[in-house]
Every structure is written in structure tokens, then in C-alpha cells.
Amino acid sequence: MESETRVLRAAGGFGRARRLLAAASWLPCVALGLALGSEPLLTALPAHHCRPDPALLPPALRGLRGSALLDASVPRLGPARAPSPCLLLRYPESASRARPNGTRPCTRGWHYALPAAGLLRSPVTQWNLVCEDGWKVPLEQTSHLLGWLLGCVLLGAGCDWFGRRAVFVASLVLATGLGASEALAASFPALLALRLLHGGALAGFSLALYVARSHPCSLSLPAGCWPQDSQPEPGRSCGTLQKLGAWTPSTAQRRRAPWLWVMHQPGEGRCGCWRRGRRVSLSYMPPHIPGATELDMLGAGSPQPQYHSVLELRQTCVAWRNGLILGFSSLICGGIRASFLRSLTPSEPAFYQPYFLGAGLEVVATVFLLLTGDRWGRRPVLLLGTLVVGLASLMLLAGTQYLPEWTMLSLSVLGLLASQAVSALSSLFAAEIFPTVIRGAGLGLVLGAGFLGQAAAPLAALQARSGFFLHHIVFASFTILALLCVLLLPESRGRGLPVSLQDADRLCRSPLRGGRPGADHLPLLPSSARPAGRQWGQDG
């Protein structure tokens, strides 16, 4: 907001210490990206074929070696005459030399074309997760995604109860240990359990970092708190201080829940803050500024933190609906993304092709959100992205046999780009509409819904990808329903972050309804401390 920007500038701005803190908070994202990139490496399927078994050949052919032995033992498939990955030739037992009359499963294991994805050994090659045991690879992928889901839900609530920093540090330590333990797994069940736990730890690591960084502009303001030479607008200053009371120098306050308001210390002025490395007291606040009385009321006594549960959303009228819509949108876009990616690579692709294709389009989607999210607003961009996803998915279903190949590729790229943008924007939207007291749990539910949608893709791949058509139909149909639901969302651009459940429940007005500009902005004083008689939207 403009008034908060003027206060920040008067307080010293985004100084060197804050810039270093912001840069340091980016570093964990590098480790998180490396951990996310481990999944394709673990499940990379190298080219393979059965090892020849001379004992199954007729006596006249048992002396063959090299390519001749391979031709006599393994059938060739397709125009490329590639060796069959899962079958051996069967010969009649009675004849000394005859032509093969059938096929049989592999008996001596497989030969793999290594290195695969730059690795000389992987879980696939170590435990032969191919052919009859090929279903174990989608099972491992599903287990890892379910770990992310559980981590988002459980550790998201832990962010609200124990603090973002505690969950971040604990998840980082667990993720490091579990990631190293995966390399030492002695069996596939052990790897399955480790991947589940590793996904949960990565989810807590990512979620705590996301929630902590959802207040970057606000966290800079208490560095100046209330310098003498600042003259902010009435009504905005107190909310700015109250929203960010966890950054006062009081150690006891910092250890409490991060949503506690700024409280004064008896005998030390109203509040002790820091400005450019020195302490500044809120006693400098001019007495005529509205809101000083509210700060005195909030600072009285030593209130203890009040913990809230995400289940309290059931008592709200609007907040639960907003969260449900964003969770549904995240679920749909997370699930349909695999269908668009498969349309881009209909055959078995090279290892790096789908990986870099998806990562590159995700970068483009992020740049698109940076250019449009603040300019157009969250709600219009989310509506546009959902519309593009729905149209692209329906056109792919209807025109598979009639549209030229370049049109199908264009629709797949557009749909994948839009689905990634909607997933990212749903997370950002959720962080802005859920109140601070349950922001971690609320955002965790939305992110968990996205991972639940992603888990549907490995399940559809269990039957040799035969379930992808039904998978695409279901999610394409749900996309149309999600498009209608997005119309009910409020616009969060330019509004203060809601603090209490009551504040979040008032985020129901749409910019399309008109009204006095700024009247639907969230008040910066909590509802419990708002003076009697002051009406909603009239406090600046």
C-alpha cells in the first residue's frame, strides 16, 4: 500500500540487512530444487532386454556368442527390430534344431543400457523394477507424492502451532538425513518407506519457507516501526505495526506465535523496535494519531498466544468456500498436467525431454505471473488460466483424430503452461486469503490437493498407460466446474493479509460489484481491538 511504502521509506527502506536476509532465504530453494530433481533420476527406465539363456536353446545353438546368441534368444520387435524387453524365444524341447514356436518370460535377469540418466546404478536396475515388477515404479512415485500430501497437511498445521522457523529447521534436518538414507536402502520396501517420509519432510521444508516469505514487504516495516519524521495515513500505521509484532526485539514475543500483536513493555514506552541498528520506542508516536489507544489496549497485560485449528473454518461463511475453491483448482491442474505432458511426448521419450520441457514451461508460467499478477489481479489471471486449461483439454479430446499434429502440440504446450500457472497462482492466492492464525494449515491443504492430483498420473500408468484417456476425460470435466467456481473468489490484490478468521471471512466482495474505492480493503486492526461504533471499511 502507498502509505506503508512511505513509512518503509522513512524508516530506512529495504536496507542492506533486509537484502541479505532476503538473499539468504532464497538459498534453501536451491536445495529444494535439487531434491525435487531426484525423482526422475530414481525412476529413469533404461533400455533393456532379457539376458540370453543358452540352456533354453537347442543343443546346436548353445555355442553361439555375442549378437548371434542374442538373435537366437530374444525376439525382435517393431520396424527398428529392437530386442524385446521382457521376452525370450521358446524352442520345442524334442527337436535338436528347430525354429522357435513361442515366447517365455526372462529367466536370467536383464541387460541394461547404462549409463541411464547419467547413472550407472539406480533402484530400477538394482531390483529389476521392469516387466512383471514394473508396477513398483508408479507405486514408488505415488508413495512419494502421498508423502508430500501428508507433509503439507500435517506440517502445515505445525507451522501455525510451533512456528515457521521450528518446522523449517526440523524439516531441513529430516530431509537431509532421509535423502542420504535412500542411497543406503537395502530393499524396495525400505526405499518405499524412505521416499514417503522424505516427501513429507520436503513438504514441510517447502511450506514453511513459502509461508515465511509470504510477508516479505511487511517484515521490513518493523525495522523502522515509527520514526519521528514519518507521517503515515491515519488508521494504516497501527495495522502495519500490529500485523508484524513478531519482529520486535523482545525474545519472548519472538518465541510466541508469529501473529501476536505488538505489545508495549511497562516503563519502556509503547513498543521497542529497531531502526538502522538502534532501538526506537513507540512513545514517539504522536498522540493525535488514531490507533494509539488501540495499541495501548492490545499491549495491556501479557496475553498468551491463542492456537487455532483449520477445522475452525467450518464456523465461517466465506473463508471455507474460498479455500475449497482454491484446493479444487489446485487438484485439477495438478492432475491434468500429466495428460498435457503425455500429449507432447506420445511415445517413450528420452529421459531429459519431458523433464526439461516441463521445467522450461514452468519458468515461462512464473514469468507470466510476475508480469500479470500485480497488474491484472489474482482473480482475473486465475480465471484466464482455468479457461485456457479447460479449452485446451476439451479440444485435445475432441480433435485427436482430426487436428493436424502441430495444432495438437500447440494445444498441449498452452494447456501445460496454463495448468502450471494456475497451480502456482492458487498457492499464492491461498497464502493471501487464509488468515495468519491458520495460514500454514490452509496453504498446506491447497498444496496437498495439488499433490493428490499429481498422484493420479502414476496410478493411471499402472496399466501400461491405458488409463490416461479416462484420466484426461475426468479432469477435463472437472476443469469446467472449476472455472465456474473461480468466479466466486474475491480479489486479494492490494488488500492487507487477513489476521483472524473473522477478517478472512470478510474477503467476499468482488471488484465487479463496484462501491467506493478501497472500501473493501481489509482493515489493519483486528476485529477484537476495533473500537465500538467504527464501521467496516471506514477505518482508512
Side-chain angles (χ1 to χ4, degrees), residues 1 153 156-157 159-161 211 214-215 218 235-236 238-240 242-245 257-261 294 298 305-330 377-379 382-383 425-447 449 482 484-540:
M1 300 179 184
V153 174
C159 287
D160 299 326
W161 281 73
V211 175
S214 64
H215 313 272
S218 300
R236 294 284 174 85
C238 299
T240 300
Q242 291 171 347
K243 287 188 298 181
L244 308 160
W259 54 84
L260 288 180
W261 308 116
E294 287 88 334
L298 289 170
Q306 295 182 0
Y307 300 104
H308 297 263
S309 170
V310 72
L311 298 178
E312 296 181 25
L313 284 175
R314 297 179 300 175
Q315 305 172 4
T316 63
C317 299
V318 178
W320 71 269
R321 184 199 67 191
N322 295 338
L324 183 63
I325 293 173
L326 291 176
F328 185 61
S329 176
S330 181
R378 279 63 160 151
R379 182 172 172 268
L382 187 64
L383 187 63
L425 189 57
S426 297
S427 303
L428 175 63
F429 216 144
E432 293 180 341
I433 68 168
F434 279 111
T436 309
V437 293
I438 58 168
R439 182 161 294 130
L443 180 59
L445 290 177
V446 173
L447 292 176
L484 301 176
C485 294
V486 170
L487 295 172
L488 301 176
L489 288 174
E491 177 56 66
S492 62
R493 181 186 61 168
R495 294 183 174 184
L497 295 179
V499 177
S500 64
L501 289 169
Q502 293 77 15
D503 294 335
D505 210 33
R506 295 187 178 96
L507 286 175
C508 58
R509 296 196 56 183
S510 168
L512 300 178
R513 298 182 184 179
R516 180 172 62 85
D520 58 341
H521 279 205
L522 193 68
L524 298 178
L525 282 176
S527 55
S528 59
R530 197 171 298 121
R534 177 172 291 184
Q535 299 298 321
W536 177 259
Q538 297 180 0
D539 53 350

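These numbers come from a predicted model, not from an experiment.
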* Hey, is the main chain of Ser500 close enough, under 3.5 Å, to the side chain of Thr436 for a donor-acceptor pair? ->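 A pair under 3.5 Å: no.
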Donor-acceptor pair, side chain of Arg379 and main chain of Ser492, under 3.5 angstrom: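 Not at all, since once roles are kept as given, no pair shorter than 3.5 Å links the two residues.
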Test item: [X] and [Y] side chains (from C-beta on) under 4.5 Å apart, heavy atoms:
{"X": "Leu326", "Y": "Leu382", "value": "yes"}
{"X": "Cys485", "Y": "Arg321", "value": "no"}
{"X": "Ser427", "Y": "Leu447", "value": "yes"}
{"X": "Val437", "Y": "Glu312", "value": "no"}
{"X": "Asp503", "Y": "Pro435", "value": "no"}

Nearest-0.5 Å distance, [atom1] of residue [X] to [atom2] of residue [Y]:
{"X": "Phe429", "Y": "Leu443", "atom1": "CZ", "atom2": "CG", "result": "13.5 Å"}
{"X": "Phe328", "Y": "Ser426", "atom1": "CZ", "atom2": "OG", "result": "11.5 Å"}
{"X": "Ile433", "Y": "Arg439", "atom1": "CD1", "atom2": "CZ", "result": "10.0 Å"}

- Message: Restricting to non-hydrogen atoms, name the atom on Glu491 and the atom on Arg493 that form the minimum distance, rounded to 0.1 Å.
- Response: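 In terms of heavy atoms, the two residues are closest at OE2-N, 2.9 Å.
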Smallest separation among heavy atoms of Ala449 and Gly327, with atom names: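 Result for this residue pair: CB-O, 3.3 Å.
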Exercise for the section: List in chain and number order the residues that pass side-chain hydrogen bond (donor to acceptor under 3.5 Å, both in side chains) with Gln315, two or more places apart in sequence or in another chain; answer none if no residue qualifies. Expected result: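 Expected list: none.
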Only counting residues at least two apart or in another chain, list the ones meeting side-chain contact (heavy atoms from CB on, under 4.5 Å) with [X].
{"X": "Leu484", "value": "none"}
{"X": "Ala319", "value": "Leu313, Thr316, Ala504, Asp505"}
{"X": "Leu428", "value": "Tyr210, Arg378, Leu425, Glu432"}

- Using the side-chain contact (heavy atoms from CB on, under 4.5 Å) rule, pick out the option among Leu445, Leu311, Asp160 that qualifies with Ile438.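 Testing Ile438 for a side-chain contact (heavy atoms from CB on, under 4.5 Å) against Leu445, Leu311, Asp160 leaves exactly one candidate, Asp160.
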